[in-house]
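See below for the structure under consideration.
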Amino acid sequence: MARILVTGGTGHLGRLVVPRLVRTGAQVRVLSRSRHADGDGVRYVVADWATGAGLAQAVGDAEVVVHLAGDQLHNEPMARALVRAVRDAGSEPHLVNVSVVGAEKVPVRSRFDRRALGYMESKLAQERVLEESGIPWSNLRATQFHELVLIAARALAKLPVVPTPSGWRAQPIAADEVAARLVELALGDPQGRVPDLAGPEIHTFRGMVRDYLDAIGSHRPTMPARVPGAASRAYAAGGNLAPDRAVGKQTWGEFLAEHVARPDRSR
């Protein structure tokens, strides 16, 4: 049985990855900032990314570390903390990392770029830390998850007129399909950067938001909003897309049909 540590195992993607790993018979530990009761085949360990406290103990004798922890801007320091923890633990696990398609194609040159799309630069810096660590690694880049597009659409739909970034497109994919691929990588040998994982269709952001509004029966108008900066121009040019890797199965329309309750017009 493989000994696997999952960072970010309580997050959206982690909640899909962890049960899949458990079903393979692996011994699964989940690293968390706060305490959780063990259960469902999972043992939880507590560590602090900011101070590094508990990280080496969390890594321990893990044969594989599936690194899902991260946020909008601090992926690089978290990757450095993980590498230090691996070295302090005296181990050499297989590091499996999740990143984002087009990380190197979306330049972040200004403060506005960083505020709007700094996540891309942050994930690229994270990749470089792991690649240069000398620790065996596999890196999977995926396009935007359906689930995260839905969260954004729900937030925007609360406005009287719904703004959508002009020219932006996306190739959304089901998070569970990404989870399945990460589990495959975790159970295999280190492969370096593996082929990207992208959704089956390319949409405009405006079109996806309109699809959501239609699904909930809203007639609120959408309005294209120009987002300035080099990062936004790269998005408009398709830097975040991977049309040659459209291997995802679930479409955006299928996802909406499954996750968005349509209004009852019979009343």
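The basis for the numbers below is simple: all heavy atoms, side chains too, and nothing from hydrogens, waters or symmetry mates. Along the sequence shown, the residues carry numbers beginning at 1.
With Asp40 contributing its side chain and Val42 its backbone, the two residues share no donor-acceptor pair below 3.5 Å. Checked by atom type and distance alone, the side chain of His146 pairs as donor or acceptor with a backbone atom of Gln250 at under 3.5 Å. A donor-acceptor pair is defined here as one N or O able to donate and one able to accept, closer than 3.5 Å; such a pair exists between the side chain of Ser122 and the backbone of Asn75. No donor-acceptor pair closer than 3.5 Å links the side chain of Ser32 to the backbone N or O of Arg35. Without hydrogens or angle criteria, Ser232 side chain to Gly229 main chain gives no donor-acceptor distance under 3.5 Å. With Thr164 contributing its side chain and Phe205 its backbone, the two residues share no donor-acceptor pair below 3.5 Å. Proximity of a side-chain donor or acceptor of Arg220 to a complementary backbone N or O of Ala157 within less than 3.5 Å is detected. Under the 3.5 Å distance criterion, the side-chain polar atoms of Gln144 are left unmatched by any main-chain donor or acceptor of Ile173. Judged by distance alone, the side chain of Gln171 and the main-chain N or O of Gly199 form a donor-acceptor pair under 3.5 Å.
Taking hydrophobic clusters as Ile, Leu, Val, Met, Phe, Trp and Tyr residues chained together by side-chain heavy-atom distances below 4.5 Å, Leu95 shares a cluster with Leu55. Hydrophobic clustering keeps Val98 apart from Leu82 (ILVMFWY residues linked when any side-chain heavy atoms are closer than 4.5 Å, directly or through intermediates). One hydrophobic cluster, built from ILVMFWY side chains closer than 4.5 Å, holds both Leu150 and Trp168.
The residues Asp196 and Arg141 are annotated as not salt-bridged, no charged nitrogen and carboxylate oxygen being separated by less than 4.0 angstrom. Using a cutoff of 4.0 Å between basic side-chain nitrogens and carboxylate oxygens, Arg29 and Asp38 are not scored as salt-bridged. A salt bridge links Arg210 with Asp214: the distance from a Lys NZ or Arg NE/NH1/NH2 to an Asp or Glu carboxylate oxygen falls below 4.0 Å. A salt bridge does not link Arg128 with Glu131: every distance from a Lys NZ or Arg NE/NH1/NH2 to an Asp or Glu carboxylate oxygen is 4.0 Å or more. A salt bridge is defined here as a Lys NZ or Arg NE, NH1 or NH2 lying under 4.0 Å from an Asp or Glu carboxylate O, and Lys249 with Glu177 fails to meet this definition.
For Val194 against Leu185, the heavy-atom pair with the smallest separation is CG1-CD2, 3.9 Å. What you find for Pro195 and Leu140 is that their closest heavy atoms are O-CD1, 3.6 Å. Residue Glu147 comes nearest to Ala175 through the heavy atom pair OE1-N, 3.3 Å, listed as atom of the first residue, atom of the second, then distance. The minimum heavy-atom distance linking Val18 with Val28 is given by the pair CG1-CG1, 4.2 Å. Of all the heavy atoms in Leu156 and Pro163, the pair that sits closest is CD1-O, 3.6 Å. When all heavy atoms of Gly60 and Ala89 are compared, the closest pair comes out as O-CB, 4.1 Å.
At least one side-chain heavy atom of Pro243 sits under 4.5 Å from a side-chain heavy atom of Ile202. You'll find the side chain of Leu182 reaches within 4.5 Å of the side chain of Leu68, heavy atoms only. Looking only at side-chain heavy atoms (C-beta outward), Val65 and Thr7 come within less than 4.5 Å of each other. Within the 4.5 Å cutoff, side-chain heavy atoms of Val59 are placed close to those of Ser91. Here the side chains of Asn97 and Gln126 are in contact, with some heavy-atom distance below 4.5 Å. Counting only heavy atoms from C-beta outward, the side chains of Leu31 and Leu5 approach each other to under 4.5 Å. By the 4.5 Å heavy-atom criterion applied to side chains, Leu130 and Ile135 are not counted as neighbours. Contact check for Val101 versus Asn240: no side-chain heavy atoms found under the 4.5 Å cut-off.
Between the OH atom in Tyr119 and the CD atom in Gln72 there is a gap of 8.0 Å [rounded to 0.5 Å]. Separation of atoms OG (Ser133) and CZ (Arg80) is listed at 10.5 Å; rounding is to 0.5 Å. Separation of atoms CE (Met208) and CG (Leu213) is listed at 12.5 Å; rounding is to 0.5 Å. Remark: Asp176 CG to Phe145 CZ distance equals 10.5 Å, nearest 0.5 Å.
Within a 6.0 Å radius of CZ in Arg3, other residues, nucleotides and ligands contribute more than 12 heavy atoms. Annotation: Asp244, atom CG; neighbour count of heavy atoms from other residues, nucleotides and ligands within 6.0 Å is above 12.
For the residue pair Ser166 / Arg226, no side-chain donor-acceptor distance below 3.5 Å is found, with atom types taken as modelled. There is a side-chain donor-acceptor pair under 3.5 Å between Glu127 and Ser99.
Take His259 and apply the ring pair (Phe, Tyr, Trp, His ring centres under 6.0 Å) test, not counting sequence neighbours, and it matches Phe255. Applying the ring pair (Phe, Tyr, Trp, His ring centres under 6.0 Å) criterion to His36, with sequence neighbours excluded, gives Tyr44.
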Test side-chain hydrogen bond (donor to acceptor under 3.5 Å, both in side chains) on Glu76 and His74 and set out the steps. CA-CA 6 Å; Glu76 180 182 11; His74 301 98; over 6 Å; no

